[in-house]
Amino acid sequence: MSDDQPSETNEAHIDDAVLERTADRSGVDIETISDALVVLHAALIGRHSTFERDYEYATVDGTRAYRVPETVWDDLADEFELEDEVAAAVEFAHSEQAQLVFADAVGVDDRFGDGDRGVVVGIDTAEEF
């Protein structure tokens, strides 16, 4: 990971390795993905209670991951007017990070089905609000 990666990206609770894989896979540059992740994370903080009520989740090391249907990402892409490539990259990053959180969590089903996607949000920041 380059040293010029914005420090705010860490606040989006996406690992650097996931960010790099996302950029490689999507062809979208890291800075564009990082910017979208930071903006989206700020909006997701206030949605914890909705996600907790409606979807399965796992928490590991200050990161809460939700297993959500693909339609949640369709709605987020529309709401934030993300370009198709950026929307796909951000969805991939969140889904991969969520799968990693579920795999590390104890006592949860870590299997994601074909229609499942992930959303990750820092619980430490959410609890401050």
Side-chain angles (χ1 to χ4, degrees):
M1 176 78 10
S2 67
D3 291 335
D4 60 350
Q5 176 188 344
S7 61
E8 295 87 12
T9 302
N10 295 330
E11 294 175 20
H13 291 263
I14 303 294
D15 294 341
D16 290 348
V18 171
L19 183 60
E20 288 178 4
R21 283 192 296 275
T22 300
D24 290 345
R25 179 184 179 274
S26 68
V28 177
D29 64 270
I30 287 178
E31 185 176 321
T32 300
I33 298 168
S34 296
D35 290 347
L37 287 170
V38 170
V39 169
L40 182 62
H41 185 263
L44 291 173
I45 289 171
R47 299 181 190 193
H48 268 290
S49 61
T50 300
F51 285 132
E52 284 177 1
R53 194 173 42 248
D54 296 337
Y55 307 110
E56 292 180 82
Y57 62 89
T59 306
V60 174
D61 296 332
T63 299
R64 171 124 340 131
Y66 299 94
R67 185 178 9 240
V68 301
E70 186 175 10
T71 56
V72 168
W73 274 104
D74 295 340
D75 293 343
L76 288 171
D78 289 343
E79 178 180 344
F80 289 93
E81 299 177 354
L82 298 172
E83 295 178 19
D84 290 345
E85 298 82 17
V86 175
V90 170
E91 178 183 333
F92 177 82
H94 270 262
S95 293
E96 182 173 336
Q97 190 69 52
Q99 289 175 359
L100 293 171
V101 170
F102 271 80
D104 286 347
V106 176
V108 298
D109 178 4
D110 65 350
R111 291 173 291 183
F112 276 60
D114 289 340
D116 292 335
R117 301 295 183 266
V119 171
V120 295
V121 186
I123 58 169
D124 51 336
T125 49
E127 291 170 353
E128 291 174 11
F129 288 92

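Worth saying up front: this structure is predicted, and the values here are computed from it rather than measured. Below, all heavy atoms of this structure are taken into account, side chains as well, without hydrogens, waters or symmetry copies.
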Report yes if the side chains of [X] and [Y] come closer than 4.5 Å at any heavy-atom pair, otherwise no.
| X | Y | answer |
| --- | --- | --- |
| His48 | Ile123 | yes |
| Val119 | Tyr55 | no |
| His41 | His13 | yes |

Using the side chain to side chain contact (heavy atoms under 4.5 Å, CB included) rule, take His94 and Leu37 through it: C-alpha gap first, then chi angles, then the decisive distance, then the call. CA-CA 9 Å; His94 270 262; Leu37 287 170; 3.6 Å; yes

Mind checking the [atom1]-[atom2] spacing from [X] to [Y]? Nearest 0.5 Å is all I need.
| X | Y | atom1 | atom2 | answer |
| --- | --- | --- | --- | --- |
| Leu76 | Thr71 | CG | OG1 | 9.5 Å |
| Tyr57 | Glu52 | OH | CD | 4.5 Å |
| Ile33 | Leu19 | CD1 | CG | 6.0 Å |
| Glu91 | Thr22 | CD | OG1 | 11.0 Å |

Donor-acceptor contact present, side-chain Trp73 to main-chain Ala88, <3.5 Å: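 Here the side-chain-to-backbone pair does not exist.
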
Expected output: side-chain Asp15 to main-chain Val18 donor-acceptor under 3.5 Å: no

Is it the case that the ring center of Tyr66 lies less than 6.0 angstrom away from the ring center of Phe51? yes

Residues in side chain to side chain donor-acceptor pair (under 3.5 Å) contact with Asp109, at least two apart in sequence or another chain: Arg111

